[in-house]
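Written below as structure tokens is the structure these notes are about.
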Protein chains: 2
Amino acid sequence: MNEDKSRHMKGIRRLAKHLNISIGTVSRALNGKPDVNEETRKRVLAAAVELGYEPNQAGRSLRKGSTGAVGLMIESSPETAANSDNFFLGLIDGLQSVLSRQSLDLLVLPCPSEEDPNDYLQRMVARQLVDAMILSATQHRDPRIALLSGADIPFVTMGRAGFGDSHAWIDLDFEGVANRAIDRLVGQSHRRIAVAVPPTDVNLGSIFLDGYKTALRRHGLPFDPDLVIYAKTTEQGGYVAGDQLLGLSERPTAILLVYELMAIGLYRRLSEAQLRVGKDMAVIGFRESPRSRFLSPRLTCFRMSLHELGGSLAESLLAVMPQFQAQYPLGAVHMIWPMELVEGESDGPPGG
Amino acid sequence: MNEDKSRHMKGIRRLAKHLNISIGTVSRALNGKPDVNEETRKRVLAAAVELGYEPNQAGRSLRKGSTGAVGLMIESSPETAANSDNFFLGLIDGLQSVLSRQSLDLLVLPCPSEEDPNDYLQRMVARQLVDAMILSATQHRDPRIALLSGADIPFVTMGRAGFGDSHAWIDLDFEGVANRAIDRLVGQSHRRIAVAVPPTDVNLGSIFLDGYKTALRRHGLPFDPDLVIYAKTTEQGGYVAGDQLLGLSERPTAILLVYELMAIGLYRRLSEAQLRVGKDMAVIGFRESPRSRFLSPRLTCFRMSLHELGGSLAESLLAVMPQFQAQYPLGAVHMIWPMELVEGESDGPPGG
DNA sequence: ATAGTTTTCGTAAACGTTTACGGAACAATT
DNA sequence: AATTGTTCCGTAAACGTTTACGAAAACTAT
């Protein structure tokens with residue numbers, strides 16, 4: 001060929017020169033357009049790998065108006081870092097497994113802790129480096145939702161937001177977990193059951209609390225506000241939750257944690273008070289982690305597949321992206337993600 | 001103004017029409033170029049916020065050949081998810097704090113577990129959506145390094161790679177930690193000290209092991225290959241490391257963990273064997289986490305600031321980016337990140 | 001052989017920026 | 001008044017793609 005002439009060129013132009021055809025044809029060949037001879041398409045594809053050609057994303061998305069990437073916004077503050085733990089990495093893997101089937105790339109967009117999440121999201125959206133967004137850790141009445149709706153960019157949120165919630169979302173089954181945990185504890189003849197939640201402005205806390213209350217009511221048990229312990233969803237939070245638990249005048253015999261991570265701190269605080277977890281105090285956690293199986297005693301908690309959750313999240317995102325609605329005709333999905341009880345040794349009848 | 005006429009336009013053109021000036025001037029005003037009247041610059045800036053203008057990234061980077069973003073490549077396999085824990089989120093926050101000062105954005109690029117990391121990196125680089133890369137979890141002789149060097153894209157790695165290592169890197173002080181841990185244990189009159197490392201093809205393992213060996217030699221203690229336990233760096237890995245430990249004919253009195261996470265599994269295994277951590281078996285971990293303070297007994301381990309590490313990583317990246325070498329004239333930094341001992345209750349003289 | 005159809009390809013415009021270049025306006029110097 | 005310099009701004013080309021359009025070529029059917 002005339003590699004001599006194509007040597008100094010770049011991009012698709014180089015490829016075209018190399019093959020002695022026009023750049024239009026090269027582009028069509030690479031993009032699987034129908035009006036190109038199969039023979040030449042083969043030659044183009046072969047030359048592409050030979051020359052290591054990859055289309056320039058800037059040029060492509062400038063012309064197409066779409067980027068072939070979706071964004072996952074996370075917050076990287078030390079606070080979230082402690083909480084979210086390995087949650088995101090598991091989720092990401094599930095997201096990719098579905099997105100890659102549509103040759104969509106995932107970009108994780110971490111909002112700096114110094115910047116306002118709204119400003120950050122606004123900037124990212126305006127820059128148009130993704131076609132759609134996944135929002136994690138949505139707060140009650142999260143303003144980011146209005147922003148994305150207004151900008152008319154497809155998105156899905158991990159977590160309800162408490163509006164009419166007409167947008168697509170998936171949320172964990174906080175009510176179900178609270179219900180089944182109470183059922184189990186009451187079945188073990190516990191009567192005074194505490195619950196640890198983050199401050200109620202966090203969405204998940206109030207939902208969990210609602211589940212807790214209705215479950216108590218269902219069993220004819222009174223709701224005692226003293227038994228609601230507000231604490232951070234960290235190891236440290238679990239420890240201070242333990243503090244508060246021990247300080248109660250009429251000590252409960254069981255406690256429900258909205259975050260599995262808190263168990264570590266709680267375990268320590270209880271052992272400092274010479275209380276045996278599972279005997280003197282029943283503990284049930286929320287989401288299972290590799291950790292919970294290796295605590296002693298093993299933590300009773302609820303299992304879910306992060307990978308599958310990520311997959312469903314991706315599918316529900318595709319369902320609101322115009323390009324993919326033919327393949328994923330689901331509409332805006334609203335989904336409560338089911339969780340499965342994992343029996344440990346951290347609960348049991350009061351008094352052992 | 002003639003908003004009527006500018007209504008239907010987009011981008012910088014809209015702004016220009018709105019102000020009745022040329023798009024060239026608008027662009028220069030926004031980019032802080034000197035040849036623009038301060039008066040008009042003010043008007044442009046004001047109009048930009050008024051109309052909520054954000055430059056289109058595709059157009060900009062197509063023209064400039066740079067994107068204003070740097071990438072952090074991570075791997076999202078379930079394996080890494082378990083290991084890396086909250087490592088990345090902490091790191092990211094530190095990275096951002098420095099990068100944002102240069103108005104650089106950070107894009108986290110998670111390699112799907114199904115895709116070959118090299119192919120993925122190649123794709124991302126070729127797409128030109130970042131100006132520079134940060135590689136995490138570099139392996140021994142990591143081929144990604146050759147790839148980036150060849151593509152002539154600035155990068156820095158988190159972890160040595162064992163080549164000549166002429167590229168910029170920062171790595172944790174595995175030798176120092178191993179040395180000081182051994183010093184401490186020997187000072188507590190331990191003589192048989194085990195060490196748990198991942199399979200040696202992982203870079204950090206062999207370095208840690210080297211530090212362990214030289215420290216033993218320094219104290220005139222023999223190196224016994226039986227005391228090197230190969231295990232995964234997870235809770236599960238800590239548990240099976242405990243298994244192996246207990247199975248040794250001549251049981252050591254102390255063990256050194258290359259990963260703090262393993263402590264949870266090890267604690268459990270030891271308690272199952274009725275051994276008291278810190279009395280019957282001294283345990284020293286590697287990197288401190290919020291967790292280690294709430295284990296009982298508290299884990300003796302080594303502390304570092306993820307935030308500062310991220311900051312240094314970002315600075316050393318800027319130092320190899322041509323655009324910023326004036327401000328960060330460091331050259332290619334090779335840095336061993338220092339760590340500080342945190343005394344817990346998990347070690348002590350043999351026999352309590 | 002002609003007209004119509006299909007297949008295949010080249011041409012050129014467009015996407016939204018940035019920037020080299022040159023020109024206009026004005027001030028300062030001779 | 002002519003020259004030089006400075007300040008500011010508009011024009012237009014470029015970046016690497018994709019794609020609407022039309023034309024040439026190759027069939028098909030009359």
Side-chain angles (χ1 to χ4, degrees), chain A residues 6 8-45 47-48 51-69 103 123 125-131 323, chain B residues 6 8-45 47-48 51-69 103 123 125-131 323:
Chain A
S6 61
H8 67 291
M9 315 192 72
K10 298 177 58 180
I12 203 174
R13 208 155 254 116
R14 167 132 182 258
L15 214 48
K17 200 57 149 180
H18 181 84
L19 293 166
N20 253 336
I21 58 182
S22 79
I23 63 172
T25 306
V26 173
S27 174
R28 281 191 297 267
L30 291 172
N31 291 13
K33 293 297 159 82
D35 53 348
V36 45
N37 188 309
E38 274 312 315
E39 170 61 25
T40 53
R41 190 196 301 280
K42 282 211 190 79
R43 285 176 51 221
V44 171
L45 258 35
L51 300 192
Y53 170 77
E54 285 278 341
N56 175 293
Q57 188 54 38
R60 165 183 287 220
S61 61
L62 179 56
R63 168 65 222 229
K64 301 224 304 179
S66 72
T67 64
S103 36
R123 257 179 51 221
V125 166
R127 276 175 156 231
Q128 292 174 224
L129 38 83
V130 295
D131 296 336
Q323 306 96 304
Chain B
S6 61
H8 67 291
M9 315 193 71
K10 299 177 57 181
I12 203 172
R13 209 156 253 118
R14 166 133 183 257
L15 213 50
K17 200 58 148 181
H18 180 84
L19 293 165
N20 253 336
I21 59 183
S22 78
I23 62 172
T25 305
V26 174
S27 174
R28 281 191 297 265
L30 291 172
N31 291 10
K33 292 297 159 81
D35 53 348
V36 45
N37 189 310
E38 274 312 315
E39 171 61 26
T40 53
R41 189 195 301 279
K42 282 213 189 79
R43 286 176 51 221
V44 171
L45 257 33
L51 300 193
Y53 169 77
E54 286 277 344
N56 175 291
Q57 187 56 39
R60 168 183 284 224
S61 59
L62 180 57
R63 168 65 221 222
K64 301 223 303 181
S66 72
T67 64
S103 36
R123 258 179 51 221
V125 166
R127 278 175 153 231
Q128 293 175 223
L129 36 83
V130 295
D131 296 335
Q323 307 97 305

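Labels below follow one simple rule: chain letters A, B, ... track the order of the sequence lines, proteins then strands, and each chain is numbered from 1.
Where B:V26 and A:T40 each meet DNA chain C at their nearest nucleotide, the meeting point lying more 5' is that of A:T40.
Distance CZ (B:R41) to C1' (D:dT7): 13 Å, rounded to an integer number of Å. Protein atom CZ of B:R13 is 14 Å distant from nucleotide atom P of D:dG10, rounded to whole Å. When rounded to the nearest whole Å, the span between CG of A:N37 and P of D:dA26 equals 12 Å. Atom CG in A:D35 sits about 15 Å away from atom P in D:dG22, given to the nearest Å. Remark: P of D:dT6 and CD of B:E38 are 19 Å apart, rounded to the nearest angstrom.
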Assess the residue pair B:T67 and A:R127 against the criterion (side-chain contact (heavy atoms from CB on, under 4.5 Å)); give the C-alpha distance rounded to whole Å, side-chain angles, the decisive distance to 0.1 Å, and a yes or no.
CA-CA 11 Å; B:T67 64; A:R127 276 175 156 231; over 6 Å; no

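Within 4.0 Å of A:S61, counting heavy atoms only, lies no atom of the nucleic acid at all. Note on B:G11: only backbone sugar-phosphate atoms sit closer than 4.0 angstrom, heavy atoms only; bases stay farther off.
Atom OG1 in A:T25 sits 10.0 Å away from atom CG in A:L19 (nearest 0.5 Å). Interatomic distance, A:Q57 CD to B:L129 CG, rounded to the nearest 0.5 Å: 6.0 Å. Separation of atoms CD (A:Q323) and OG (A:S66) is listed at 6.0 Å; rounding is to 0.5 Å.
Remark on the helix from C:dA1-D:dT30 to C:dT30-D:dA1: inter-end axis angle 50°, axes from five-pair C1' superpositions, rounded to 10°.
For the pair A:V26 and A:Y53, the minimum side-chain heavy-atom distance is 4.5 Å or more. Side chains of A:R13 and A:M9 form a contact here, defined as non-hydrogen atoms less than 4.5 Å apart.
Nucleotides of DNA chain C that come within less than 4.0 Å of any heavy atom of chain B span, from the 5' end to the 3' end, C:dG16 to C:dA20.
Contact record, B:D131 with B:G68: OD2-N, 2.8 Å, taken as the closest heavy-atom pair. Considering all non-hydrogen atoms of both residues, A:A16 and A:S22 come closest at CB-C, 3.9 Å. In terms of heavy atoms, B:R41 sits closest to B:V36 at NH2-CG1, 3.0 Å.
For D:dG10, the OP1/OP2 oxygens have a side-chain nitrogen or oxygen of B:T25 closer than 4.0 Å.
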